[in-house]
Amino acid sequence: MSDLYKKDTPFQVYISFKKYLDVLEHIRYNDRLEYRVNYAESLIEKTKNFRELRDGFEDTRLLEKNEDLIRLLLADLFPTGLTNNEIKAAGIPLSNITFNYTERFKAILKDAGKDFEIELRNIDDDEFYVFCCCLILQSYFKRDIKSTLPLYYDIPNRQGIMKHYKISVNADFTEVYPTEGARIPSEEVIDMLLENLDDFKLWKKYFPSKSWVLTGFSIVSLVDCTSEVALSDLKSSMIQIDPENLKPDENLREIFKSYFDVAQLSFGLMLFNEKDQRLEKLPIYENVFTNHILDFWINTFDEEIRKNTFTNLNHNSRPIVVSNIENLDDEIKSLPSFRILRDNEINSFMVIPIMKDGALIAMMEFTSPIPNSFNGLKLKKMEFFTDMILFSLNRFSFEKNYQIEAIIQREYTTIHDSVVWKFRNEAERYFNASLAKKIYTLKQIAFKNLTPLFGFSDIRSSSEKRYYLMLEDLNQQIHCLQEIFALINSDSEKYILALDIFENELNHEIKADTEQRFQRLLRDEIHPFLQGKLEIKSSSEVKAKIKDYFTQVFVQNGLFYAKRKSLDDSITLVNRKLADVLDEAQIKAQQIFPHYYERFKSDGVEHNLYTGQTIAPDLNYHFKVVHKLRYWQLKTICNMELEFRNFRKDLPIHLEIASLIFVYNEKIDIRFRMDEKRFDVDGAYNSYYEIIKKRLDKAHIKDSEDRITCPGKITVVYFGMENQREYLDYISRLQKKGILQNDTEFFKVEDLQGITGLLGLRVSLA
């Protein structure tokens, strides 16, 4: 079996010169010109002892063994007078095996290096197989199939620039025929195959591997189309922007090298911010672009020069092209801007303003350490892809704005995915009315008859902790200042007295404005005094103490903040971890039934869910939805508590959380408040639910000093025994899973203002 193709094909392949020898036989017996007859007869005689040339062979070593004979045999097809101009070789159709090269082809392969292997560009195995099948249809079945698949070789030159060559194949001296086991498809089957070019398995069914024979040789001619291919690659790279992954093609540098035929090339691009009149880098191009000249431009010149330059560019958008910096005037070489060229080994460059409708959009630079790399002809080539740059920049700007809007939607507004359809419907009505030049007033967005679910995981005693940590911070700051003033002695008595007064006030009779008055004293008097001591002659010990003091001062308020910052960092970490668990679980909850979801982070995390038929009118809503969501909520609260246990030991400040779920059976309505850009319960009759939520946080067990929430336990508050039985079932399930302990306790909630009859239970985490 033949192994001349690296890829799987429908062919057994044999190299043969039979069809060409038949041509010579025809000349020998039919040509009227004697010299042609003698020439053909001579070639036939020279090859008659090498039967494999006519019969066909698979061993490619015979090509090298008979190299001189093959060159002589194919001399008519490879004229000596064209050998230094044409890029041509004999070969096997669609394979990487070529031989009998012209001198120019030999030189190209020599420059590529001895380790280089010639291969077809950008064709996968399935495409290649179907392409081979199409050759069978064209050659054996005489179907007029014009292939639309362009074939290229990518070959680097001596400087490392990738050159692209389009392949033209003459297959006049090849023959295709079926093996004994081949399937001969009918005309109907062939029509069906041609309608399904992408169905690789279908083609392989009718043209199995190695079921046809391909024998002979082809003539491969190459045309250098590096600029055309590089231009096409440039356009593809600039068009293909993935909204989910905004990043550039990292091969851009190599593409530009090929397009401009410059072995060492760097390029940069910056957008022009018209509002601020300045150039801006594109973050996605940080690892691809090298903005030597543009960086110097935006970082060196003052604001006035930059604005004048951009104003001039809008009126005169001529690019700057310097082939060789050595040819610049001595006056220019003496400028500071010339140093940036020397420092970065730039000997040739182009700086090109990208304009649209007479306005500056961006600036582009190309630089090279090789003199004469750029000139007017290279600049002319820019015209062919300037429109693509504009398209790419506009596309990037569009996708950037789209992503920003998505971030705002996700992070700063409360229009949840489950309800956005209603906003979209209303916006579409408004848009259609505006197109028709009609007046349309946006209607209120509301959802009625919803069942609410509410819960929170609260950081216990955070206000108390913050108070005591504030005392620690301010006492430490006072002690540091007292040490500094003790060293200064003179001019500091009044400050020492003021500090003593504040220290006594902090630790014995703190007032509501104590911290603010202390802050004012520091800002207006003490800190300016200490800054002055740093600027005049003071002992090194005093200066060291003052500098150490200011390193501990929080810039925003002038106070020591280390202890409170540890608390803030701890709370932030807790909130983020708990919110992540809740958000991730909430995605699965949406699969139970779409519902409106919102959560808030303060000293802990609280969440609201609203579910009902009006949220998803097209789906089947039933009472089991609420039960499933309630069980999901209890289980998720437990997971949040367990996650907190895992990372609690790593917190800078020791914290505890206490979790609660409030069960409410009455239906409520929610309405989007345009003034606050958020949903809120609608109507006075729903306010009872909101009042209960706000008062549960600090509520106590009836006739007890104990709060209803407790660290390490999950608290459920409800109105009737029906809810109690429902949640005991959920708790039982979680107890069987080892998530909760068997220590459920029941209690009555103290009477709150206007609220009586609340019941509760709580159970410990395992």
Side-chain angles (χ1 to χ4, degrees), residues 1-5 9-83 86 88-95 97-102 105 132-145 147 167-180 182 184 207 210-221:
M1 298 294 287
S2 173
D3 193 27
L4 292 178
Y5 282 139
T9 75
F11 293 130
Q12 299 175 32
V13 183
Y14 300 92
I15 303 170
S16 168
F17 297 89
K18 177 181 177 301
K19 288 192 75 172
Y20 186 61
L21 289 169
D22 288 345
V23 171
L24 293 176
E25 290 281 5
H26 180 79
I27 295 172
R28 179 184 187 183
Y29 294 112
N30 296 286
D31 204 298
R32 296 179 181 180
L33 298 175
E34 185 177 353
Y35 82 92
R36 297 265 303 158
V37 171
N38 294 336
Y39 174 72
E41 187 173 0
S42 171
L43 287 176
I44 292 169
E45 286 299 315
K46 288 181 184 297
T47 59
K48 69 179 182 180
N49 294 327
F50 299 92
R51 296 299 306 171
E52 62 270 19
L53 296 183
R54 179 178 288 275
D55 297 340
F57 57 90
E58 299 176 88
D59 187 356
T60 55
R61 289 175 297 182
L62 291 175
L63 292 172
E64 187 175 351
K65 179 181 178 181
N66 298 302
E67 182 180 357
D68 293 337
L69 180 59
I70 291 171
R71 183 179 294 109
L72 183 63
L73 179 64
L74 302 181
D76 258 9
L77 303 176
F78 291 81
T80 304
L82 300 177
T83 191
E86 291 186 338
K88 191 171 168 183
I92 301 168
L94 301 182
S95 82
I97 297 172
T98 48
F99 56 94
N100 201 63
Y101 305 101
T102 61
F105 204 157
C132 290
C133 294
C134 288
L135 282 183
I136 298 173
L137 298 183
Q138 189 170 337
S139 177
Y140 186 81
F141 293 95
K142 306 305 178 185
R143 282 297 189 106
D144 186 16
I145 301 172
S147 171
I167 304 167
S168 173
V169 179
N170 183 327
D172 288 349
F173 303 106
T174 61
E175 187 177 3
V176 174
Y177 57 88
T179 63
E180 291 183 2
I184 307 299
F207 295 98
K210 313 296 186 193
S211 61
W212 288 72
V213 174
L214 171 64
T215 183
F217 72 95
S218 61
I219 300 171
V220 180
S221 299

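What's counted below: heavy atoms across the whole structure, side chains too, no hydrogens, waters or symmetry copies. For the single chain, residues carry numbers from 1 onward in sequence order. The structure presented is a predicted model; accordingly, all values stated were derived computationally and were not measured.
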Residue list, side chain to side chain contact (heavy atoms under 4.5 Å, CB included) with [X], at least two apart or on another chain:
X	answer
Ala171	Thr174
Asp55	Arg51
Thr83	Thr102, Glu103
Asp31	Ile27, Leu33, Arg36, Val37

For a quick test of your reading: what N or O donor-acceptor pairs under 3.5 Å do the side chains of residues 62-81 make, sequence neighbours left out?
unit_1: Asn66; atom_1: ND2; unit_2: Leu62; atom_2: O; d: 3.1
unit_1: Glu67; atom_1: OE2; unit_2: Arg71; atom_2: NH2; d: 3.0
unit_1: Asp68; atom_1: OD1; unit_2: Arg71; atom_2: NH1; d: 3.3

[X] [atom1] to [Y] [atom2] distance, which is reported to the nearest 0.5 Å:
X	Y	atom1	atom2	result
Ile92	Ser218	CD1	OG	8.0 Å
Thr215	Glu58	OG1	CD	10.0 Å
Ile219	Glu86	CD1	CD	10.0 Å
Ile136	Cys134	CD1	SG	9.0 Å

I'd like to know whether Tyr177 forms a side chain to side chain contact (heavy atoms under 4.5 Å, CB included) with Leu214, so could you lay out the CA-CA distance, the side-chain angles of the two residues, the decisive distance to 0.1 Å, and finally the verdict. CA-CA 7 Å; Tyr177 57 88; Leu214 171 64; over 6 Å; no

Is the shortest heavy-atom distance from the side chain of Phe11 to the side chain of Lys210 under 4.5 Å?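 Result no, sub-4.5 Å side-chain heavy-atom pair not found.
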
Does any part of the side chain of Trp212, heavy atoms only, come nearer than 4.5 Å to the side chain of Thr179, both counted from C-beta?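 Not in contact.
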
Would the distance check show the side chain of [X] and the main-chain N or O of [Y] forming a donor-acceptor pair, the cut-off being under 3.5 Å?
X	Y	value
Thr98	Ala89	no
Thr47	Ile44	yes
Ser16	Arg54	yes

Step by step, work out the side chain to side chain contact (heavy atoms under 4.5 Å, CB included) result for Tyr101 and Lys88. CA-CA 6 Å; Tyr101 305 101; Lys88 191 171 168 183; over 6 Å; no

State plainly whether the residues Arg28 and Asp22 are in salt-bridge range, i.e. N to O under 4.0 Å.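 Here Arg28 does not pair with Asp22 in a salt bridge, since their nearest N and O are not under 4.0 Å apart.
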
For [X] and [Y], which heavy atoms make the closest approach, and how far apart are they?
X	Y	answer
Phe57	Asp59	CD1-O, 3.3 Å
Val176	Tyr140	O-CD1, 3.5 Å
Glu175	Lys19	CB-CD, 4.2 Å
Phe207	Pro10	O-CB, 3.9 Å

Return the set of residues passing ring pair (Phe, Tyr, Trp, His ring centres under 6.0 Å) with Phe173 (not counting sequence neighbours), or none when no residue passes.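 Counting only residues at least two positions away or on another chain, Phe173 forms a ring pair (Phe, Tyr, Trp, His ring centres under 6.0 Å) with Tyr20, Phe217.
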
Val220 and Ile167: CA distance, side-chain angles, deciding distance, side chain to side chain contact (heavy atoms under 4.5 Å, CB included) verdict: CA-CA 7 Å; Val220 180; Ile167 304 167; 3.6 Å; yes

Please indicate whether Glu45 has more than 12 foreign heavy atoms, meaning atoms of other residues, nucleotides or ligands, lying under 6.0 Å from its CD.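 For Glu45, atom CD is crowded (more than 12 foreign heavy atoms under 6.0 Å).
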
